[in-house]
Every structure is written in structure tokens, then in C-alpha cells.
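Read through the structure below, which is laid out as C-alpha cells, and then see the notes.
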Amino acid sequence: MCIGSPVGALWQYVAMSTNITHMTSSAKPQERTLAYLADIPVDRVKGVGTVSMKRLASEGVESVADLLLTVPRRYLDRSQLADLATAPLDEVVTVGGSVTSFNKRRISRGRTMVEARVSDGTGSVRCVWFNPYMKLEVGEEVALSGEIEAYRGSLQMKSPAVDRLSRLGASTTGRVLPVYPTLGGMKPNAVREAAANALRRSLPVVDIVPKETLERFDLAQRSAALSKIHDPESLSDVVPGRRRLIFDEFLRIQMALKVRAYDEFESQAGVENSVKGELFHRFIDAFPHDLTTAQSRVLDQLLGDMEDRTPMHRLLQGEVGSGKTVVVILALLTSVESGHQGAFMAPTEVLATQHYLGTELSLMEAGMAPAQSDVGLQGTASLFAEEPLSTRPVRIGLFTGSRVTTNFVVGDVSRSQGLDWLKDGTIDIAFGTQALIQEDVAFHSLGIAVVDEQHRFGVEQRVVMRDKNQGGGVPDLLLMTATPIPRTLAMTLYGDLKMSVIDEMPPGRSATRTEMVPDAADDEIDAMISSAVASGRQVFVVCPLVEDSEKIEARSALTEFGRIRSALPGLRSELLHGQMRSEDKAAVMARFRDADIDVLVTTTVIEVGIDVQNATLMVIRSADRFGLSQLHQLRGRVGRGIHGGMCLLSSDATTPDGERRIEAMVGSTDGFELAEIDLDIRGQGTIFGGSQSGAADLRLGDILRDADLLEAASSVATEAVLTDPGGRFVSDVMHEVAVLFGDSAQWLTRS
Ligand code: ADP
Ligand code: MG
């Protein structure tokens, strides 16, 4: 974090102030912010002793603020209780009444049956539980939720959920009872009592969000929201209460992201990349197609950012084949033409090499690189002389863990030679893996860094990339991904980045047709494979497992390979999987690329970066075993050439989610649409789980369901940081971030 900026200074302030405030009787009500309440240990609340404090702490509830932000699981509206005499049978209802009898007895196999009778004046019901710890007092008031069934002429409920109304203390006077979760062994009723006491002690809580903002988005005041959550007058209070708390969760994350972007980028002096000159035009003129509308739009966004003195910090999304590369090369050339260098980092050696070779070729086609025959014939001295860019070739280099090579000297060079050429500016554009951000790497004047498949790189690597510039100024940073990310997810994970999306495929490509067949339809599948190969095409067969497994019932690559070899003996089939040695893998891949193999039986190892245009059929066995985005990535391996593509999903999907995934695949080829469905199926928890971002701190908010609140929070945070980054509102929210996120706020401060 840069301490020189106003927000950097804020962090010092936060660090100093978080542990100096304590609740004292002299505290004025107007000082009670949520951040302040986060400093009061939860055992100051009436009803929370040493034991319950430990229990609460085990669930992360350590302060009064934590307790206030612990929301009920559900609410019981006592005006909505059904009468036993008229309650419908066999559907979930809630009834209330008093316990008239209670007993426990041993039944077969050492189990205990608990039996109670509950009457509400209109009738009575027999309740049974098989939980030996269940205990009720005769005479106490309870609410029971569950299904009522007719049993031997009377009513019965099996294992209904019970709320013991008489134990609820003062708060039972309201019609609506909040039902809390059990926290670390602390009973729901005890939690309810503690929350009620905490609320009474804390109100009124100062609202840090300006009134106009609350009005604009129709949000409740903070005090009102907390009352509606913990002490609602009617069920209709609950939703607005929750919405305000959810808005606050999103606001904290969005503010933290925007502040980070401000500190790392927006407040920094950048590198000006502004000459859109000869190289740019020669390259675009030599490109054999017109840019699509989406490509032009994104190019304009990039060039606009690059021209700006503020360093670019942008995420470029576009599916495989959407034409990201040409746009990125134009951006890199623009930087070279402005007197700087460009860097392009990819996650694997294969991909870095592919980008390097592709760029070398297109530069040659545009007449901007030494023709192969010239390389090495020139004396190196003349290459390094100050020659205008219009007459000298664009010099590019490849840096991986195993080699360094360039387009202006024959063969590989030593790493130290390559590094010297980066340092003295000889190399205009460097391609590479993480080898490009090792400690010993420095650029003469880095103008732009492009990072491909950015989700594999963490915050730290982004920052290293930023700091590689000897020439001064923060280089423009462009992150790229071919994995479509739903908008709300992108806002949450990458809210500190601006977004560009190439959402349109170049013309002349027909969408890959997708069909589902039963898993047993080997004959039908084999016929499709034969006919594809007969017309000169190649086929992928993808399996979820390498070898058969006792635990998982699914096709394995080994078994399927054996099956296809004997069922289709005339075809050249081969096996490729992740447990093979890398030389063997590379050899098989090369033969497939050269069309020496007809059918490649494989696993998800082929997911990334394989481009074989002659492959037109993809068969995915046990397809329900794959995630939706994985299926979509796999399917992207076919239909890349002029021959179109076909995808066969073989599956006997049994789970509803599995069926939904297959249905979605058959119904859509739009990666963004599929990504949304995937998010909906999996839920945000699995995506944020373990991720190093504030998103993991979302407790109430759901980025799909509450998308409107996320959008609101994002625009409020953007506006605040833009107009008054050192102001009261930003610092109040960041103070909350620091005290409420605690240790997990390190993801923010690490840089
Ligand atoms: P990405 O990097 O997004 O996967 P590429 O840039 O590699 O996609 O483009 C995929 C293919 O589409 C390449 O063969 C490229 O030449 C071609 N291509 C790119 N832009 C266009 C366009 N505007 N019109 C036609 N073909 C294009
Ligand atoms: Mg710039």
C-alpha cells in the first residue's frame, strides 16, 4: 500500500485507532458506529458470560458488532400459526400450543423415542422424535414446524422443529419471533436473548452512509435496519432490514477494491502510451480481416486507457477464438511506438511459446520483423544501433524457465544475455512465463504488461509486474481471460479492474452443435467417430478419469481407449493423460496436430490451449461428471476451423444438477450465459471458498439474487473514491473494513 496517497495515510490512521476506543459510560450515542461496536467484546452484553463468549468466538462472533450482524435463520410469525383443528395435513405448517405430556422410552436397537402431546385449544397432536436429547417441560409453550399426518385416528408430527416460546424472555411480546442459529453450542434462544440485549444497548447506531445515498437506493437507516432484523414488528420488516445489511457487506468489499485500485493505479503516475502511428497502421493493414465491432470497441477502450496518464488496470474477457490476440498485439505495438517496451506473460511454457511464435509470424507477414533468412546474418552491432522503428524490425523475445530466444538472433541465448537486452531496451516485446517476473528481471522502460489467464495469478504477481519498470511510472496493466465470468462475479472478484468484453465471434464460424446420447450408446458414438474420420477429420474422446475407480462410476480414458481400439481397429487411436511423462505427452500432441492420429482419447489435460483446426468431433463420456464451465472449455476445442464442430455428450445423468448442466450445454453456446447458469448451480460459496478476496466475507449477500444491491454498492464506492478519496465517507467505510474483516483484510493491505 502506498503510504503517500491519502488513502494510504488512512490505513495508518486505521491501524492506530482500532484498539484505542472502548465502551465507557461516557460514550455519547452519536459515537456509536459499527466500527466502534466492533471494539466492544461480546461478553459486555448482558446474558453473555465466559462460556457463551467462547462459544460465540468459535463462530467468529467476538464483538457487539459481530453479534448485531448475526442474523436470524428464520422468523416465526405467531399471528400466522395454524389451528390444529383446521391445519392441512401432509404439508409443512407451524402450530403453537402447550405441552400436555412428555415421556422418553427405549425402543429397539438401543434407540430412544421421545414422545410429547401438544394442545392449542382447538385440538392436540402427538409428536415423536428419535433424539435422546430432546427435552420439553409439561406446561411450556412451543411452536412446532413440520408436516402433520393422520395416524390411527389422531394427529401426529414426526420430528418437527421446535421453538420453546416460554424460554424467550422479554422479546416474546412481539408477534414475530426471530429464530437464530445455534452458535458454537450456544442455544438459539440464548443467542436471541443476547442479540436483543446487544441491540438495546447499542441503539442508536450512527449511520456512516450519507442520507442521500440511502434515499437514492431506497435503503433503511442502519439503526432501523438492525431493529427490523432483530426485533421486527411484522414479517414485512425483515426484507428491508436484510437489504440494508447486504448493501453494507457489498459496500465494504467494493470500497476496499476501489481504494486498492486507487492506491495502486489511479493515484499513481503512469506511462504515456500515445503514439498511434506507423507500426500500428502497418500491422492492422496487414491483418487479413476487418476487426469485429467488439474488437474495435475493446481496442478503443485500451487505447483510451493507455493514452491517459493514469495507469491502465483492466480485465479483458473474451472466449477462445474471439480474437483477443490481435487487439493485444496492437496495444503492445502502441507502447513500443511510444518509446517503451511491452511484456506478455502466459501461465504455461506452451502458451507463452504459442503467443511468441504467433506474434513472430504476424510481424513477418506485416513486414515488421526480420525475414527468417536474414536472422543471424546481420552483425548484432547494427541491430542494436539507434535505428528508427520505421526502418528496423520489431524485436521480440521469449523467456521461459528452460530457454530464452529472440527473433533477431539465431538460436537460444543465455538468460543473462536476454535480461541485458530487456534492461537496455533492445527487446521491444517480451513474451514469457513467470520467468518474466523473477527478481533479476528489469525493463528499460516498460509501458504495458499483459497477463494472460489472469485468474492463475495472484495479487502479488500483479504487483511485481507493476514494479518491474526502471524507467519510472507504473506501466499499463492488462489482464486477459478466456473464461467467461458473470458480471456480478467479476464485480466482486475483480471490482478493482475496469472491464472489457469481446462478446462476439469473428464471422464465418458456425456454432458447434451439441447433442446428448445415453452412456450405453457406444455403437452410435462409434459410428459418428468413424464418419468424422472418413471425411478426413479428427476426434477427441474425453473421459473424467484416467483409470477405472471403485469409488466413482464413470468412463476412464484407459478403458475407453481399449474399447475404441478394438471396436474401431482401422482408426489410428492414441491415449493422452496427465499421468504420462511430459515428453510423451508432447509427442502425442505433436502427432495429433500433424494429423497422424485420428482419435485422441484423453482427459481434461486438453482443456488449455490446444488448437487443432481439423478436429471437428468431441465426444465427452460420463459428461455429467464435469463442471459446466469445464464442459464449455472442452467443447471450445472443436469447431475452430472451417469444418464446423459437433459435440456429443454421453451421460446417464442422475442428479438434478448433472441434468441441468447437460441441458444447458445442449441449449447454449454462449459462454457468459453458461457461466451464469454454472454460478447459479454451484452457488457463490464454492467459488469464493478459500479465495483470497473480501468476497469470502459475504455472509448474507448473494451476488446473483442481490445483484441490484451489488451494482448500487459498486457505483456508490466508485463515485466516493473518484470524488473524495481521502474524505470522511471513504475513511469510515474503510475503518469498518479493517475492524470487521480483521485478519482476512490482509488481502487488501498486503501490497
Ligand atoms: P483468442 O486469442 O481470443 O483466442 P485469436 O486472436 O487467436 O483469439 O483469434 C482466433 C482466430 O480468429 C485467429 O485465427 C485470428 O486470426 C482470427 N480472427 C481474429 N480476429 C478476426 C476477425 N476480426 N475476423 C476474422 N478472423 C479473425
Ligand atoms: Mg497509460
Side-chain angles (χ1 to χ4, degrees), residues 280-303 314-334 342-348 350-366 368-369 396 429 431-432 448-456 478-485 499-512 593 606-616 618 629 632-645 669-672 674-675:
F280 183 96
H281 290 293
R282 268 164 66 194
F283 191 84
I284 212 168
D285 289 347
F287 188 66
H289 316 280
D290 290 334
L291 296 187
T292 62
T293 314
Q295 282 172 317
S296 303
R297 185 187 63 237
V298 167
L299 184 60
D300 283 347
Q301 289 168 343
L302 301 189
L303 295 178
R314 195 175 270 280
L315 178 66
L316 168 56
Q317 296 185 61
E319 291 208 62
V320 173
S322 63
K324 296 182 294 298
T325 312
V326 57
V327 173
V328 166
I329 293 176
L330 286 166
L332 290 164
L333 286 175
T334 296
F344 191 129
M345 189 160 77
T348 65
V350 171
L351 287 176
T353 307
Q354 206 166 294
H355 283 305
Y356 168 79
L357 292 175
T359 306
E360 185 183 32
L361 188 67
S362 19
L363 285 174
M364 269 173 358
E365 282 165 2
M368 292 158 63
I396 65 175
I429 303 173
F431 293 80
I448 182 170
V450 180
V451 180
D452 192 12
E453 285 309 322
Q454 79 95 29
H455 58 282
R456 290 162 202 239
L478 178 66
L479 309 170
M480 260 166 89
T481 178
T483 310
I485 309 167
M499 299 287 161
S500 288
V501 184
I502 302 185
D503 51 6
E504 176 188 0
M505 284 290 180
R509 214 161 305 171
S510 49
T512 296
R593 208 175 284 126
I606 57 145
E607 220 182 303
V608 172
I610 305 282
D611 190 0
V612 178
Q613 304 217 339
N614 192 46
T616 56
M618 163 142 314
S629 56
H632 179 63
Q633 291 282 336
L634 287 169
R635 179 171 59 183
R637 300 291 134 221
V638 294
R640 301 166 71 84
I642 48 170
H643 304 294
T669 53
D670 178 340
F672 283 92
L674 293 172

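In listed order, ligands and their atoms are each counted from 1.
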[atom] [closest protein heavy-atom partner, distance rounded to 0.1 Å]:
atom	result
atom 15 (C) of ligand 1	F287 CZ, 4.7 Å
atom 25 (C) of ligand 1	H289 CG, 3.2 Å
atom 7 (O) of ligand 1	T325 OG1, 3.4 Å
atom 12 (O) of ligand 1	R509 NH2, 3.3 Å

Can you tell which of L302, T325, L299 makes a side-chain contact (heavy atoms from CB on, under 4.5 Å) with L330?
L299
Quick one: which ligand 1 atoms are inside 4.0 Å of a heavy atom on [X]?
X	result
G323	1 (P), 3 (O), 5 (P), 6 (O), 8 (O), 9 (O), 19 (C)
E319	3 (O)
V320	4 (O)
T292	23 (N)
L291	23 (N)
D290	22 (C), 23 (N), 24 (N)

Candidates Q613, Q354, K324, Q295; heavy atom nearest atom 20 (N) of ligand 1 found on Q295
The one among G321, S362, S296 that brings a heavy atom closest to atom 4 (O) of ligand 1:
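Selected option, by shortest heavy-atom distance: G321.
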Indicate the ring-plane relationship of Y356 and F431, choosing parallel, tilted or perpendicular according to the 30° and 60° boundaries.
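Perpendicular.
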So do Q317 and D503 actually touch side chain to side chain, heavy atoms under 4.5 Å?
no
Contact between R637 and V320 at the side-chain level, heavy atoms closer than 4.5 Å - yes or no?
yes
Quiz question: by atom type and distance under 3.5 Å, do the side chains of R635 and T512 form a donor-acceptor pair?
no
Are side-chain N/O atoms of H632 and E319 paired as donor and acceptor at under 3.5 Å?
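A donor-acceptor contact under 3.5 Å links the two side chains.
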Classify the contact between I502 and ligand 1 as side chain, backbone, both or neither, using a heavy-atom distance cut-off of under 4.0 Å.
neither
Could you report the tightest heavy-atom contact between Q301 and S500, atom names first, then the distance?
OE1-OG, 2.5 Å
Shortest non-hydrogen pair, A346 vs D452, comes out as CA-CB, 4.2 Å
Under 6.0 Å between ring centres, would you say that holds for H289 and F287?
yes
G318 touching ligand 1 at heavy-atom level, < 4.0 angstrom:
no
